[in-house]
Amino acid sequence: MEPLQLHPDRYFDPDPTVRRIARELYEEMRTFPLVCPHGHVDPALLATNEPFPEPTSLIIKPDHYIFRLLYSQGIPLEALGIPRQDGQPVEQDPRKIWQIFAEHYYLFAGTPTGAWLDYEFAEVFGVPYKLDGTSAQYVYDHILERLQSPEYRPRALFERFNIEILTTTDAATDTLAYHQAIQASGWPGRVAPCFRPDAVFKIARPDWREQLQLLAQRCGFAITSYEDFIRALEDRRAFFKAMGAFATDHAVLVPRTHRLEPEQAEALFQKALQGRATEADQADFEAHLLMEMARMSLEDGLVMQIHAGAFYNHNTYLYERFGPDKGGDIPVQTEFTYNLRELLVTYGNDPRLTVVVFTLDESTYARELAPLAGHYPALKIGPAWWFHDSIEGMTRYRQWITETASIYNTAGFNDDTRAFCSIPARHDLARRVDANFLATLVARHIIDMSDARRMARALAYDLVRKTYRLDERIPAAA
């Protein structure tokens with residue numbers, strides 16, 4: 001079996017001058033706590049603090065980055081134990097699934113997933129050998145043994161990872177029972193909810209009226225008008241904020257913003273109640289509600305996040321058999337200058353508002369987002385997202401944004417993951433890429449080392465705290 005070794009200078013430039021500076025900057029960046037303002041870890045994990053079951057359920061099944069690549073090579077999701085919607089049988093033996101994964105682990109070479117997994121194996125679990133078909137069962141047993149010890153319970157790992165705060169993503173109708181359990185437990189770890197009302201915005205979906213009824217149950221009053229609907233959203237935002245939320249999140253295909261007249265909004269809402277809303281109606285309603293979310297954020301102080309440009313569940317075959325979040329989401333071309341104009345003209349000049357925009361369309365970085373964020377006080381650019389939170393993707397992000405918007409109109413880093421044990425790997429990769437970017441600027445005499453050190457701290461820690469207004473809630477690290 002081949003030893004697994006992480007090079008101390010991984011991701012740094014081969015040029016010795018840049019590499020030396022990058023190493024020095026990274027050594028300072030690596031000491032800061034991890035701030036995780038947007039992610040998808042299940043809060044039940046930290047509420048119950050039960051041991052992780054076994055390596056396959058921990059590493060493979062929650063991570064669509066893993067099984068989307070395996071699926072692209074012809075491996076059916078049934079063979080990976082992913083449950084089918086119709087209840088048809090899938091592979092249940094976790095060791096067989098792990099063996100398939102190990103035999104195809106070479107597919108991840110050169111990808112961010114491979115970089116994260118190697119870090120997770122080496123640094124989190126202390127695996128001494130590279131994963132492949134030969135080492136598969138040894139690595140499985142090694143990780144399984146670790147998972148059975150108290151040091152590998154979720155809360156212990158949270159503390160070991162040096163996580164300052166972890167944010168989940170929660171539907172507007174969520175009871176936040178697990179968040180309540182965490183807060184009542186006396187454990188000092190900070191886990192915050194995030195308000196995501198997408199399901200009650202999508203009025204053309206067949207289950208929208210069910211979602212609306214659930215929203216009414218949570219609020220304790222009937223929702224029969226648009227005015228009731230807005231009151232319910234305000235009520236839920238207040239509840240989330242009382243539970244520690246500091247942000248909202250909105251996933252849209254097109255980031256269009258446009259305010260409807262009150263009678264137009266009411267007409268659309270009544271049409272939806274009758275089950276007659278079209279996709280075009282939904283697009284108009286979502287564009288209007290983004291305006292309303294910005295208005296509410298000015299009032300309650302919640303940071304507004306917009307994730308735009310993902311065509312969810314592109315693969316109908318896969319979606320019908322396995323449901324959402326199975327790796328079938330594909331980026332689309334996205335436009336921001338026109339689509340965000342109404343929101344920004346109405347609210348974007350008010351520094352009390354913070355809107356963080358994420359995109360899957362890299363072509364918008366230099367052309368649209370950097371000029372917009374470099375002008376409007378309310379707008380910040382979210383980190384390189386999803387398919388672009390990679391070594392080269394994050395480098396392109398810095399190169400195309402910094403000159404126009406500066407790093408100080410970006411939102412720092414977030415890991416945006418369901419895979420809890422990969423969180424430190426994602427932050428480590430981002431910090432190394434940022435250290436290398438700054439080292440390049442120093443080597444070219446664009447900035448000096450004092451500039452670079454200040455910017456390194458900002459990228460690793462300060463920017464994310466400032467963007468999400470955590471300075472008002474949590475004391476900063478020294």
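All values below were derived from every heavy atom in this structure, side-chain atoms included, with hydrogens, water molecules and symmetry-related copies excluded.
- Interatomic distance, Leu463 CG to Ile407 CD1, rounded to the nearest 0.5 Å: 5.5 Å.
- Shown here is Arg146, whose CZ atom has more than 12 heavy atoms of other residues, nucleotides or ligands within 6.0 Å.
- For the residue pair Tyr347/Glu342, the side-chain donor-acceptor check at 3.5 Å is not satisfied.
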*Would Ser390 and Thr111 count as a side-chain contact (heavy atoms from CB on, under 4.5 Å) if you check the C-alpha gap in whole Å, the side-chain angles of each, and the deciding distance to 0.1 Å?*
CA-CA 7 Å; Ser390 60; Thr111 71; over 6 Å; no
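- Side chain of Arg84 to main chain of Phe322: no donor-acceptor pair is present (N/O by atom type, distance under 3.5 Å, no hydrogens or angles).
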*asked:* side-chain hydrogen bond (donor to acceptor under 3.5 Å, both in side chains), that's the test. Do Gln99 and Gln137 meet it? Break it down for me.
replied: CA-CA 7 Å; Gln99 186 69 38; Gln137 297 308 313; 3.0 Å; yes
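- By the 30° and 60° cut-offs, the orientation of the rings of His40 relative to His38 is perpendicular.
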*Worked verdict on Arg465 versus Glu164 for side-chain contact (heavy atoms from CB on, under 4.5 Å)*: CA-CA 10 Å; Arg465 286 178 55 88; Glu164 188 171 272; 2.6 Å; yes
*Steps toward side-chain hydrogen bond (donor to acceptor under 3.5 Å, both in side chains) verdict (His179, Thr168)*: CA-CA 10 Å; His179 286 275; Thr168 62; 2.9 Å; yes
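- Annotation: the span from Ile97 atom CD1 to Leu70 atom CG amounts to 11.5 Å, rounded to 0.5 Å.
- Heavy-atom contacts from other residues, nucleotides or ligands closer than 6.0 Å to NZ of Lys130 number 12 or fewer.
- The environment of Lys466 atom NZ is sparse: at most 12 non-hydrogen atoms of other residues, nucleotides or ligands sit within 6.0 angstrom.
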*Step by step, work out the side-chain hydrogen bond (donor to acceptor under 3.5 Å, both in side chains) result for Tyr319 and Asp329.*
CA-CA 10 Å; Tyr319 175 69; Asp329 305 328; over 6 Å; no
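- Less than 6.0 angstrom separates the ring centroid of Phe420 from the ring centroid of Phe161.
- In this structure, CG in Asp141 is found 11.5 Å from CD in Glu54, a value given to the nearest 0.5 Å.
- Classification of the Trp386-Tyr312 ring pair by plane angle, with boundaries at 30° and 60°, yields tilted.
- In the displayed structure, Gln333 atom CD is contacted under 6.0 Å by at most 12 heavy atoms of other residues, nucleotides or ligands.
- A 6.0 Å sphere centred on CZ of Arg457 holds more than 12 heavy atoms belonging to other residues, nucleotides or ligands.
- Side chains of Arg237 and Ser297: a donor-acceptor N/O pair is present below 3.5 angstrom, by distance only.
- Atom CD of Glu145 has 12 or fewer neighbouring heavy atoms from other residues, nucleotides or ligands inside a 6.0 Å radius.
- Separating the CD atom in Glu362 from the CD1 atom in Ile401 is a distance of 9.5 Å, to the nearest 0.5 Å.
- A donor and an acceptor atom, one from each side chain of Asp361 and Ser363, are located under 3.5 Å apart.
- Qualifying salt bridge (Lys or Arg N to Asp or Glu O under 4.0 Å) partners for Asp249, counting only residues two or more places apart in sequence or in other chains: Arg196.
- Asn409 and Ser406 share no side-chain donor-acceptor pair at under 3.5 Å.
- The ring pair (Phe, Tyr, Trp, His ring centres under 6.0 Å) pairs that include a residue from residues 130-159 are Trp98-Tyr140, Phe125-Tyr152, Tyr129-Tyr138, Phe158-Trp187, where partners are two or more places apart or lie in different chains.
- To the nearest 0.5 Å, atoms CZ (Arg473) and CZ (Arg190) are separated by 10.5 Å.
- With rounding to the nearest 0.5 angstrom, the CG atom of Asp416 is 11.5 Å from the OG1 atom of Thr167.
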*Test His250 against Met304 for side-chain contact (heavy atoms from CB on, under 4.5 Å), laying out the working first.*
CA-CA 8 Å; His250 313 278; Met304 182 178 179; 3.9 Å; yes
_Verdict with reasoning, Thr395 to Glu392, per side-chain hydrogen bond (donor to acceptor under 3.5 Å, both in side chains)_ = CA-CA 5 Å; Thr395 300; Glu392 300 302 330; 4.7 Å; no
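- Counting non-hydrogen atoms of neighbouring residues, nucleotides and ligands closer than 6.0 angstrom, the OH atom of Tyr178 reaches no more than 12 such neighbours.
- Judged purely by distance below 3.5 Å, without hydrogens or angles, the side chains of Ser422 and Arg426 pair a donor atom with an acceptor atom.
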*Can Val355 and Lys380 be said to form a side-chain contact (heavy atoms from CB on, under 4.5 Å), step by step?*
CA-CA 6 Å; Val355 180; Lys380 298 291 179 280; over 6 Å; no
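- Partner of Tyr365 under the ring-ring contact (aromatic ring centres under 6.0 Å, His included) criterion, out of Phe336, Tyr397, Trp385: Tyr397 alone.
- Using a 4.5 Å cut-off on side-chain heavy atoms (C-beta onward), Glu151 and Arg160 make no contact.
- Of the N and O atoms on the side chains of Ser450 and Asp448, at least one donor lies less than 3.5 Å from an acceptor on the other residue.
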